Amino acid sequence: MKYDEKVSEPLTPHGGKSFGGATGSAGRQAETAKKVRTRFAPSPTGYQHVGGIRTALFDWLLARQNKGKFVLRFEDTDKKREVAGADKHLIKTLRELGLEYDEGPDIGGPFAPYRQSERLKSYQEWGQKLIQMSRAYADPYTPDEVQTFREQAKAGKVPFLFRNHRPKNPPQWEPGRPLRFKSEPKAYKWKDEVMGQMHAGPEAIDDFILIKSDGYPTYNFAHIVDDAEMEISHIIRGQEFLASVPNYLNLYETLGLKPPILATVPHILGPDGNKKLSKRDGAKDVLDYIRDGFLPDALINFIASLGWNDGTEQEVFSRADLIKKFRLGDVGHSGAKFDEKRLLWLNGHYIRQQSPESLFEISENFWPKSAAGAKEAYKKSVLGLVQERLKFLAELPELTSFFFSEPGIKTVRSLFNEPVDKQLQKIEASEYPGLLQATLTELKASDFSEEDIGRRLNGLLESLPSKPGILFAAVRIAVTGSQSSPQLFGTLQVLGKQKVLARIKQAIEAL
RNA sequence: GGCCCCUUCGUCUAGCGGUUAGGAUAUCUGGUUCUCAUCCAGAAGAUCGCGGGUUCGAAUCCCGCAGGGGUCACCA
């Protein structure tokens, strides 16, 4: 019976399932997976940066594209590195990004539990199976002894292979001792959906640890057992695992398991140098981007385009587009540098595409404190003015605070007294009050529609010696306390007659 | 050191034997008779890592080399 034909019987190392021996070439892949089941399997040791999320995204895309299932599994087998709360944080990250999973630790599923620490029985059983087959043995050495072997290898400039020290008569396996795989070194050829045809010689294969002395399995063992039991069809992972694939193939073969389709994605590189993006070098938590007001769709689009491209000149991909067009084979083979500037552009693009309604919704938590009591209609008008200049939503306070609180009189005064504004520099400081006074008089008679404000200010220019740039700069500073703002007439209209007149008056007095 | 992967404008990339090596972003310039932003137009920017082949013709195929990266854990 072939692995992918199994219908209902649970896969276990014994009973109900025959292992029919090795499949010959363990590298043979399932050409057509009947059911696509992908998994994202992080260890809860912290947050995820764009590199980790990218594999999750590819997994998710593949599952959605094929109407399959996307599974979340926690690989919490290293108790020393585990970080409390990291699991919830990861779940939140996936949720916020809209990468919903169909089975997972918190929502369960047909192959529960989805936490490796709760699946120890499975690993024990599969380990026993290997022992019975004489394909696993207890490691008799102390960590120090193994370390010595390792150092000898290093000194001799040869790769360290534990199997060179394989004991002739290993002791009985018992708790407290590591269990090692007894490998059968040989050459492998296999296909990687991203990297293409791969090969490795027997030197790549070693007796790796299956179960650690603390009773927890290693990643190398646990992921193979779990992927088989959970009927995972595709494994997408970073290139740090590429060198281990021959070991995995050897184990799959020994267990009579057909390997899932393998896909290796290159690392995402940090902005400087060519090093793999890492938390150590300040790689940001993807959830922090969400908190800064980067839109999930923009992040998804951006992360997908890091290394993936459909061969066209399209740059902006909706989620539906990605689901339709994503192909593992179109993922590049080289690492891509993470350039935040590009993300900034893309996010701005997505913000500009928002309808007024949806922009209002997603902006909800980003307003300045002073906007707390403001009316919805007013906020929407403000958004209409700043939409095209927002790069991410956390910029909202600095762009809009003057709509909700008075600009500091000190700021206004210094902008007039030491004008950095090129237009203002063209006239004498003594002329400012006159300009503002004339504006005040003119606007008092306005109905404060955008059109009327425009008409009146432009009319004012005809009776004044001032150039448009100078008058408008003066009014802008007086009213907003800043030398740049959204377009002036609209800004004045939204602010309203009362506030505008009061601020101009105040500015005149301050001069 | 062994094994493996990678190498096109600053950055993300298209390209799969014949192209003025294309797009996007970033940068700069001009325009949209108010700033900033947006938008539009334009400029600059890649001797396709290097050296050999194969070919009438190579970024594209082959072989070397160099540089970068990964791995050789009781981490994943």
Side-chain angles (χ1 to χ4, degrees), chain A residues 41-43 45 75-78 80-81 139 143 146-147 150 153-162 177-180 192 195-196 198-201 203-204 206 208-220 222-223 237-246 264 266-267 269 271 273-276 302 305-316 332-346 348-349 352 385-391 399 421-424 454 457-458 461 467-477 480 482-489:
Chain A
S43 64
T45 53
E75 311 226 317
D76 56 340
T77 56
D78 186 347
K80 295 183 291 292
R81 293 204 313 148
D139 178 346
V146 177
Q147 184 57 27
R150 216 189 320 275
K154 192 166 183 179
K157 300 204 173 190
V158 295
F160 170 65
L161 285 173
F162 186 91
R177 274 194 201 286
L179 183 70
R180 278 193 191 262
D192 186 289
M195 293 297 181
M198 309 292 296
H199 58 87
E203 70 281 353
D206 195 18
F208 58 91
I209 290 183
L210 301 167
I211 296 180
K212 299 180 276 185
S213 58
D214 64 2
Y216 285 91
T218 59
Y219 165 84
N220 299 139
H223 89 274
R237 77 225 312 180
Q239 64 177 197
E240 66 269 28
F241 294 103
L242 198 52
S244 306
V245 168
T264 301
H267 285 138
L269 280 19
N274 294 317
K275 287 259 164 42
K276 167 186 166 187
F302 178 75
S305 66
L306 237 34
W308 173 83
N309 176 288
D310 69 348
T312 70
E313 289 183 348
Q314 185 172 349
E315 305 282 343
V316 178
H333 297 189
S334 63
K337 265 183 205 163
F338 175 62
D339 181 13
E340 213 171 71
K341 284 211 177 112
R342 205 178 152 78
L343 171 60
L344 235 31
W345 160 73
L346 195 60
H349 177 84
R352 272 171 254 131
L385 288 169
V386 299
Q387 179 164 16
E388 68 182 22
R389 56 223 301 132
L390 272 174
K391 290 270 188 282
L399 255 34
D421 188 284
K422 281 185 218 143
Q423 300 293 336
L424 274 193
L457 289 187
N458 280 318
L461 285 169
K467 290 247 167 55
I470 302 175
L471 174 68
F472 295 154
V475 175
R476 170 172 293 113
I477 291 171
T480 71
S482 163
Q483 55 175 330
S484 70
S485 78
Q487 57 112 335
L488 190 59
F489 308 151

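Convention: sequence-line order gives letters A, B, ...; per-chain numbering from 1. None of these values were measured; they are calculated from a predicted model.
Residue A/K341 places no side-chain N or O under 4.0 Å from the OP1 or OP2 atom of B/rU25. Here A/H333 does not reach the OP1 or OP2 of B/rC5: none of its side-chain N or O atoms lies under 4.0 Å away. Phosphate contact (OP1/OP2 of B/rG69, side-chain N/O of A/K275, threshold under 4.0 Å): present. The phosphate of B/rA73 has OP1 or OP2 within less than 4.0 Å of a side-chain N or O from A/R150. For the pair A/K157 and B/rC72, the criterion of a side-chain N or O lying under 4.0 Å from OP1 or OP2 is not met. Residue A/K212 places at least one side-chain N or O closer than 4.0 Å to OP1 or OP2 of B/rC75.
Here B/rC34 presents its P atom at 6 Å from CZ of A/F472, a figure rounded to the nearest Å. Spacing between atom NZ of A/K391 and atom P of B/rU25 amounts to 11 Å, rounded to whole angstrom units. Rounded to an integer number of Å, the gap from CZ of A/F208 to P of B/rC3 is 22 Å.
Nucleic acid contact class of A/E203 (heavy atoms, under 4.0 Å, all strands): sugar-phosphate only. Heavy atoms of A/G307 sit under 4.0 angstrom from primed sugar atoms or phosphate atoms, though from no base atom. Within the nucleic acid shown, A/Q483 comes within 4.0 Å of at least one base atom, counting heavy atoms only. Looking at heavy-atom distances under 4.0 Å, A/T312 makes no contact with the nucleic acid at all. In this structure, A/L306 reaches the sugar-phosphate backbone alone: every heavy-atom distance under 4.0 Å involves primed, P, OP1 or OP2 atoms, never a base. Residue contacts shown for A/Q487 include a base, since a base heavy atom lies under 4.0 Å away. Nucleic acid contact class of A/A336 (heavy atoms, under 4.0 Å, all strands): sugar-phosphate only. Within the nucleic acid shown, A/F241 comes within 4.0 Å of at least one base atom, counting heavy atoms only. Here A/P266 lies out of heavy-atom contact (under 4.0 Å) with every strand. Among the heavy atoms of the strands, none lies under 4.0 Å from A/H223. A/R180 comes within 4.0 angstrom of sugar-phosphate atoms only, judged by non-hydrogen atoms across all strands, and of no base. When heavy atoms are screened at a 4.0 angstrom cut-off, A/K154 is found touching no nucleic acid atom at all. Heavy atoms of A/R352 sit under 4.0 angstrom from primed sugar atoms or phosphate atoms, though from no base atom.
Checked against B/rC74, B/rA76, B/rU13, the side chain of A/S213 finds its nearest nucleotide in B/rC74. You'll find that the side chain of A/W345 is closest to B/rU25, out of B/rU7, B/rA76, B/rU25. For A/F489, whose side chain is taken as the heavy atoms from C-beta onward, the closest listed nucleotide among B/rC5, B/rC34, B/rA76 is B/rC34. For A/D339, counting side-chain heavy atoms from C-beta on, the closest listed nucleotide (B/rC75, B/rU11, B/rC34) is B/rU11. Here B/rC74 is the nucleotide among B/rA26, B/rC74, B/rG70 with the atom lying nearest to any side-chain atom of A/I209. In this structure, the nucleotide among B/rA24, B/rG69, B/rC75 sitting nearest to the side chain of A/E315 is B/rA24. Side-chain proximity of A/L242 to B/rG2, B/rU11, B/rC4: nearest is B/rC4. Proximity note for A/S334 (side chain, C-beta onward) versus B/rU7, B/rA24, B/rC74: the nearest is B/rU7. Of the candidates B/rC72, B/rG70, B/rA24, the closest approach to any side-chain atom of A/A243 belongs to B/rG70. Comparing B/rC74, B/rU35, B/rA76 against the side chain of A/P143 picks out B/rC74 as the nearest.
With both pairing distances under 3.5 Å, B/rU11 is matched to B/rA24 as a Watson-Crick or G-U wobble pair. B/rG1 and B/rC72 make up a base pair, with Watson-Crick or G-U wobble contacts both under 3.5 Å. For B/rC16, there is no paired nucleotide, since no Watson-Crick or G-U wobble pair has both relevant distances below 3.5 Å. B/rU60 is unpaired under the Watson-Crick or G-U wobble criterion, no partner having all donor-acceptor distances under 3.5 Å. Across all strands shown, B/rC39 forms a Watson-Crick or G-U wobble pair, both distances under 3.5 Å, with B/rG31.
Annotation: side chain of A/W345 is not in contact with side chain of A/D339 (no heavy-atom distance under 4.5 Å).
Closest approach of A/V386 and A/P486 over heavy atoms only: CG1-CG, 3.9 Å.
In this structure, the side chain of A/K276 does not engage the main chain of A/G335 through any donor-acceptor pair within 3.5 Å. Under a 3.5 Å cut-off, the side chain of A/D206 and the backbone N or O of A/F208 do not form any donor-acceptor pair. Side-chain atoms of A/D139 never come within 3.5 Å of backbone atoms of A/R180 as a donor-acceptor pair (strictly under, hydrogens ignored).
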Go through the steps for A/H267 and A/E240 under the test side-chain hydrogen bond (donor to acceptor under 3.5 Å, both in side chains), then give the verdict.
CA-CA 8 Å; A/H267 285 138; A/E240 66 269 28; 2.7 Å; yes

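Between A/D206 and A/G201, the one whose closest nucleotide on RNA chain B sits nearer the 5' end is A/G201. Positionally, the nearest nucleotide of RNA chain B for A/F338 lies more toward the 5' end than for the other of A/P217 and A/F338.
For the residue pair A/S485/A/R476, the side-chain donor-acceptor check at 3.5 Å is satisfied.
The aromatic rings of A/H223 and A/Y219 lie parallel to each other, with less than 30° between the two planes, well short of the 60° mark.
With P as the reference atom, B/rA58 and B/rU11 are 27 Å apart, rounded to whole Å. For the P atoms, the distance from B/rU55 to B/rC16 is 23 Å, rounded to whole Å.
A/R342 forms no cation-pi arrangement with A/F302, by the criterion of a distance under 6.0 Å to the ring centre and an angle within 45° of the ring axis.
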